[in-house]
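Some notes on the structure that comes next.
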2 protein chains.
Amino acid sequence: MPGRREIKRRQTRLALITAALRLADERGVDRVTTEEISAAAEVSPRTFFNYFATKEHALVGDPLEDCPAPVLKPLPLLDALLDALAPAFEQIQGDRDLWLLRMRVISANPQLLPLLIAAAASAEQRLAQAIADQTGLAPDHPRPQVAAAVANAAVRVAVVRWAESGDSRPLIEHVREAFHHLKEVDDSRRT
Amino acid sequence: MPGRREIKRRQTRLALITAALRLADERGVDRVTTEEISAAAEVSPRTFFNYFATKEHALVGDPLEDCPAPVLKPLPLLDALLDALAPAFEQIQGDRDLWLLRMRVISANPQLLPLLIAAAASAEQRLAQAIADQTGLAPDHPRPQVAAAVANAAVRVAVVRWAESGDSRPLIEHVREAFHHLKEVDDSRRT
DNA sequence: AACCAAACTTGCAGTTTCTGCAAAAAGATT
DNA sequence: AATCTTTTTGCAGAAACTGCAAGTTTGGTT
C-alpha cells in the first residue's frame, strides 16, 4: 500500500506533467522553459530534473507507468493480446482529459511523436516477453518480437485516431478496429 | 545532378555522423560533446547545429534520407510491401559498416532506440500514403495506416536482428522472416 | 515521544546544449 | 569579373542539464 511518500511523489509528478502540458498547449513546446513548468507545479527547478530527464519527457510522461504486466490467456493470439492490453486501454480512457491534452500537444508539436512511440517501446518489450512465456518460445525468437511490435503499432494508430476523434467512440473500439485491419494485412487479395 | 555544394554537404553530414558514432562507440554517448564531434569532423561547433538539432540526431541520422518514395505494385499486400521497400533494404545493406556501428551504439545506449524508431515514422507516413494511393482508400483510413505501421514494425525488428547477427545473413532475409511471422499473428491457433 | 535512517527537495556552481544574428567564405550564374 | 545564393563561422546569450552538499520530510524503532 502506498504511503505518504508515494502519494506525494505521484502528486508532484502529475503536477509537473499537467503544468508542462498546459503551458505547451498554450504557447507551444519551445516557448516553455523548465523553470516555468516547475514554478507552475510549485517545486524548485532542480526538482524538475529529479523527475524527468528532459522537458519532452515531462510532456509524454511514462504513459503506462503503473500498468500491470500483461498476461496472455490461452486464446487465439489477437484475442489474447486484446485481453492482455485491456487494462492499459482502460487506464488511458480513464485519464481521458490528460490524454486528449497530451495528444493535442503532440499533434501540434510533431517532434514529440517519436517520444510517445519510444515510451511504448519498453511496454513492447514486456509484451514480447509475455508472448514468449505463453507460447513457450525463446524471448529472442522473432515471432513474439514481431507480434509485440505489431500489437504496439496497432495500438498506437488506435490511440492517435481515438484522440483525433475527440473520444467520440471509446478507445477500445478503435483498438478493435485496428486489430481487425491487422487481419487484412496478410490476406492475398491484390492491393 | 548534384553540384559541388550538394556533394560537400553530403560529405560534411557523413563526416559528422561517422565522427559522432566513432566517438560514441569509444566512450559512450554521454561522454562525447558536440564540440568534439565537430572538431573530429573538422567543422566549427556552430556548423554542427546547422546539420543536426541534437547530438542524438547525428547518431541516428536520417536513415532513409535519400531513398525513393515507395511505390506499390498490384500484388498481394505483403509482396507489394516487400517489393516497395527493397530499395531501402539495399541502401542499408550497402552502408553495412555504418549501420552495424550505428546499431552497436544504439544497443549500448538504449535511450537512442526511440530516436531510431522515430526516424522511421516519417517513412511510415509516406508508406501509408503509397498504400492509400494504390488501394484507392483515403489516406486517413485506418487500413493503410495500420498496414504501414505494421510494415514499419516488422522492418525494425528485422534490422535489429540483422545487426545483432552481425550481418551473417543479408538483411532482406531477416525482413522476409519477419514478414512471414506477420502471417502467424492473426492465425487462430491458441497461444 | 525521541530518535534514526532513508528518501526527497533544494540551492549553487559549473558544463553542455542550442539559438539568433550578422559577417565572412565558398559556390553558382550570367 | 560581377553578382547572387548558399554555407560556414564567431559571438553572445538563453536554456538545459549534472554533481554535490546541504536541508527537510517521512517511516519506522525503541
Side-chain angles (χ1 to χ4, degrees), chain A residues 1-21 23-24 26-62 65-66 105 109-112 114-115 118, chain B residues 1-21 23-24 26-62 65-66 105 109-112 114-115 118:
Chain A
M1 82 167 36
R4 275 176 164 159
R5 247 175 208 157
E6 185 66 11
I7 291 174
K8 212 176 178 192
R9 250 190 99 75
R10 283 168 187 272
Q11 280 180 349
T12 303
R13 185 183 175 80
L14 186 60
L16 284 169
I17 291 177
T18 53
L21 282 174
L23 290 170
E26 288 171 3
R27 310 184 215 163
V29 170
D30 39 8
R31 293 190 186 175
V32 183
T33 68
T34 58
E35 258 185 279
E36 294 169 312
I37 296 171
S38 18
E42 296 178 313
V43 295
S44 77
R46 183 64 183 84
T47 295
F48 178 91
F49 291 103
N50 286 342
Y51 283 85
F52 302 103
T54 72
K55 187 171 62 180
E56 285 75 22
H57 280 84
L59 292 167
V60 173
D62 184 357
E65 49 173 333
D66 37 25
V105 171
N109 303 270
Q111 72 271 27
L112 293 178
L115 264 100
Chain B
M1 90 166 28
R4 273 177 158 153
R5 256 181 199 152
E6 184 66 13
I7 291 174
K8 210 176 177 192
R9 252 190 96 76
R10 285 170 186 269
Q11 280 180 350
T12 303
R13 185 184 175 80
L14 186 60
L16 284 169
I17 292 176
T18 52
L21 284 174
L23 290 171
E26 289 170 2
R27 309 184 216 162
V29 170
D30 40 6
R31 293 191 185 175
V32 183
T33 69
T34 57
E35 259 185 280
E36 294 170 312
I37 296 172
S38 19
E42 295 178 313
V43 294
S44 80
R46 184 62 183 84
T47 296
F48 178 90
F49 292 103
N50 286 342
Y51 282 85
F52 302 103
T54 72
K55 186 169 65 179
E56 286 73 24
H57 280 82
L59 293 168
V60 173
D62 183 358
E65 49 174 333
D66 37 25
V105 171
N109 303 271
Q111 74 271 28
L112 294 178
L115 263 103

Answer with base, sugar-phosphate or nothing: what part of the nucleic acid does F48(B) contact at a heavy-atom distance below 4.0 Å?
nothing
Footprint string (nucleotides 19-30 of chain D, 5' to 3'): B base within contact, S backbone only, - free, heavy atoms under 4.0 Å
BB----BBS---
Just do the side-chain contact (heavy atoms from CB on, under 4.5 Å) check on E35(B) and F48(B) with the steps written out, would you?
CA-CA 8 Å; E35(B) 259 185 280; F48(B) 178 90; over 6 Å; no
For E36(A) and T33(A), indicate whether the former's side chain and the latter's backbone hold a donor-acceptor pair under 3.5 Å.
yes
For Q111(B), look at atom CD and say whether over 12 heavy atoms of other residues, nucleotides or ligands are found less than 6.0 Å away.
yes
What one should report as the nearest heavy-atom pair of S44(A) and S38(A) is O-CB, 3.7 Å
Can you give me the closest heavy-atom contact between A40(B) and L23(B), atom names plus distance?
CB-CD1, 4.3 Å
D30(B) atom CG is separated from dT17(C) atom P, nearest whole Å, by 10 Å
Please check this pair: side chain of K55(B) against backbone of V32(B), looking for a donor-acceptor N/O pair closer than 3.5 Å.
yes
Round to a whole Å and report the spacing from CD of E56(A) to C1' of dA16(D).
10 Å
Which nucleotide, dT17(C), dT9(C), dA16(D), lies nearest any side-chain atom of T34(A)?
dA16(D)
Quick one: does T47(B)'s side chain have a donor or acceptor within less than 3.5 Å of a partner on N50(B)'s backbone?
no
How many whole angstroms separate atom NZ of K55(B) from atom P of dT19(C)?
15 Å
Below 4.0 Å: OP1/OP2 of dT10(C) and any side-chain N or O of T47(A)
yes
In whole angstrom, what separates F49(B)'s CZ from dT8(D)'s C1'?
15 Å
N50(B) atom CG is separated from dT5(D) atom P, nearest whole Å, by 19 Å
Choosing from dT10(C), dT9(D), dC18(C), which nucleotide comes nearest the side chain of S44(A)?
dT10(C)
Taken to the nearest whole Å, CZ/F52(B) to P/dT8(D) is 12 Å
Atom-to-atom span, CZ of R13(B) to P of dT7(D) - whole angstrom
13 Å
Could you tell me whether Y51(B) contacts a base, only the sugar-phosphate backbone, or nothing, with contacts defined as non-hydrogen atoms closer than 4.0 Å?
sugar-phosphate
How long is the line joining CZ of R31(A) and C1' of dC18(C), in whole Å?
17 Å
